[in-house]
**Student:** 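Take this structure, written in structure tokens, and hold onto it; I'll ask about it next.
These numbers come from the heavy atoms of this one structure, side chains and all, not from hydrogens, waters or symmetry mates. All figures in this text were calculated on a predicted structure; none of them were measured in a lab.
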Amino acid sequence: MHFKVAAALVGLSSFASAGPAAPVDVQALKSRDAKHNDFSCQPSSEHPNPVVLLHGLGATYYEDINLLEIFLQSKGFCTFSLTYGAYDGFPFVGGLKPIDESSHEIADLIKEVHEKTGASKIDIVGHSEGGFQSLYVPKFREGVSELVENIVAIAPPTHGTTFANLWKLAPLLGKDSREDIGAILREVGCAPCDEISIDGSSIKKLNDGKPIVQPGNKLTVITSKYDELVTPTTTSFVQEDGVNNIYVQDYCPFDPVGHIGEAYDTNVWNLVLNSLENKVGRKFLCLAGSPDMMADMINVTQIYAIFSSRIVAMHQGDDEVTAVILQGLSAISVEG
């Protein structure tokens, strides 16, 4: 399987092309003190745009995108972030409130950064749900798109995710199964899990026939061929003029990074940096990233098991439904 081939090459490095920049010192970054929302930070002439970073579903500003933020700070960027979409009284897990509700929080931060830093433009970098929000907010929140220049969306479920192929089971479970699964996701407090899945309400809204990329905005989409959670991986890409759609493996073919690891992968960081500096295609040293497919597959299996058990409960006594669930779980185990 391709993961095993990639994992065998973890100790190797490759060049995106000749003459690369120095490799990222991850350990040094980990020991560096991050500055959170330092409005005294003065954007430089080299990096005039402050960067707003958006975490993924179930994450926070201090994990998921935290090392990427420190990396950008080490390169001289002023950076800002927040935990959006967290329920009152439980700020430790974000991205759980409905997409549209969270988008207002994000828009408020972008406007605050613009006002307090005096910068003419803001850049946005988001991972997973945060990547989706980086597309959604400029399109639908009034007064945001004209403040934004560069957008880098890492593995956004732009056209809807099958959620590790969970949604592929829906047609096999009856005509109301899409609604059943969506109801479960909302019931457990994860409206975005429904909204950014295939045929979800936010997916339909973003893909309304009008351009996703707004005038004056420049978009780069980055994802991994080995992403197990935002599936199929091509769902991330935006097929509009001027958009850079990039697989990590286009530059670093031996990088086995999966969905969780994309936020921590130094090759992804360099691709983000290239986009923010308007130097897409610039050379850098590829490091074979962490093969986090095991962590991804554990998450996939857990998600599948939780929601499948609820579906089975809704269809008690239906042996065909149970057989379909077991077949799907077996397929995930084999593919992982």
**Student:** Distance check, rounded to the nearest 0.5 Å: D227 atom CG versus Y247 atom OH?
**Tutor:** 9.5 Å
**Student:** Under 3.5 Å, side chain of Q214 to main-chain N/O of P211, donor-acceptor pair present?
**Tutor:** yes
**Student:** CG of L57 to SG of C193: how many Å apart, nearest 0.5 Å?
**Tutor:** 4.5 Å
**Student:** Keeping the roles fixed (side chain from E195, backbone from I99), state whether a donor-acceptor pair exists under 3.5 Å.
**Tutor:** yes
**Student:** Going from OG on S224 to CD on E262, what distance comes out if it is rounded to the nearest 0.5 angstrom?
**Tutor:** 5.5 Å
**Student:** Over 60° means perpendicular and under 30° means parallel, so classify the ring planes of Y136 and F140, tilted if in between.
**Tutor:** tilted
**Student:** Out of curiosity, E112 CD to I122 CD1, how far, rounded to the nearest 0.5 Å?
**Tutor:** 10.5 Å
**Student:** Should W269 and V221 be regarded as members of a common hydrophobic cluster, given that ILVMFWY residues are connected when their side-chain heavy atoms come within less than 4.5 Å of each other, either directly or indirectly?
**Tutor:** no
**Student:** Can you confirm whether the side chains of T162 and T231 place a donor and an acceptor under 3.5 Å from each other?
**Tutor:** yes
**Student:** Have S128 and H259 got a donor and an acceptor in their side chains that come within less than 3.5 Å?
**Tutor:** yes
**Student:** Please indicate whether E277 has more than 12 foreign heavy atoms, meaning atoms of other residues, nucleotides or ligands, lying under 6.0 Å from its CD.
**Tutor:** yes
**Student:** If you look at every heavy atom in H159 and F237, which pair is closest and at what distance?
**Tutor:** NE2-O, 2.9 Å
**Student:** Can you tell me how far OG1 of T83 sits from CD of E105, rounded to the nearest 0.5 angstrom?
**Tutor:** 9.5 Å
**Student:** Got a second to check how far D123's CG is from C78's SG, nearest 0.5 Å?
**Tutor:** 11.5 Å
**Student:** Does L82 reach the side chain of L53, with side-chain heavy atoms less than 4.5 Å apart?
**Tutor:** no
**Student:** Check salt bridge (charged side-chain N to carboxylate O under 4.0 Å, His left out) between K204 and all other residues, then give those that pass, not counting sequence neighbours.
**Tutor:** none
**Student:** Please assess Y62 against H55 for the test ring-ring contact (aromatic ring centres under 6.0 Å, His included), listing each intermediate value before the final yes or no.
**Tutor:** CA-CA 9 Å; Y62 50 84; H55 61 76; 9.1 Å; no
**Student:** Do side-chain atoms of N217 reach the backbone of S145 as a donor and acceptor pair under 3.5 angstrom?
**Tutor:** yes
**Student:** Which residues pass the salt bridge (charged side-chain N to carboxylate O under 4.0 Å, His left out) test with D208, not counting sequence neighbours?
**Tutor:** K139
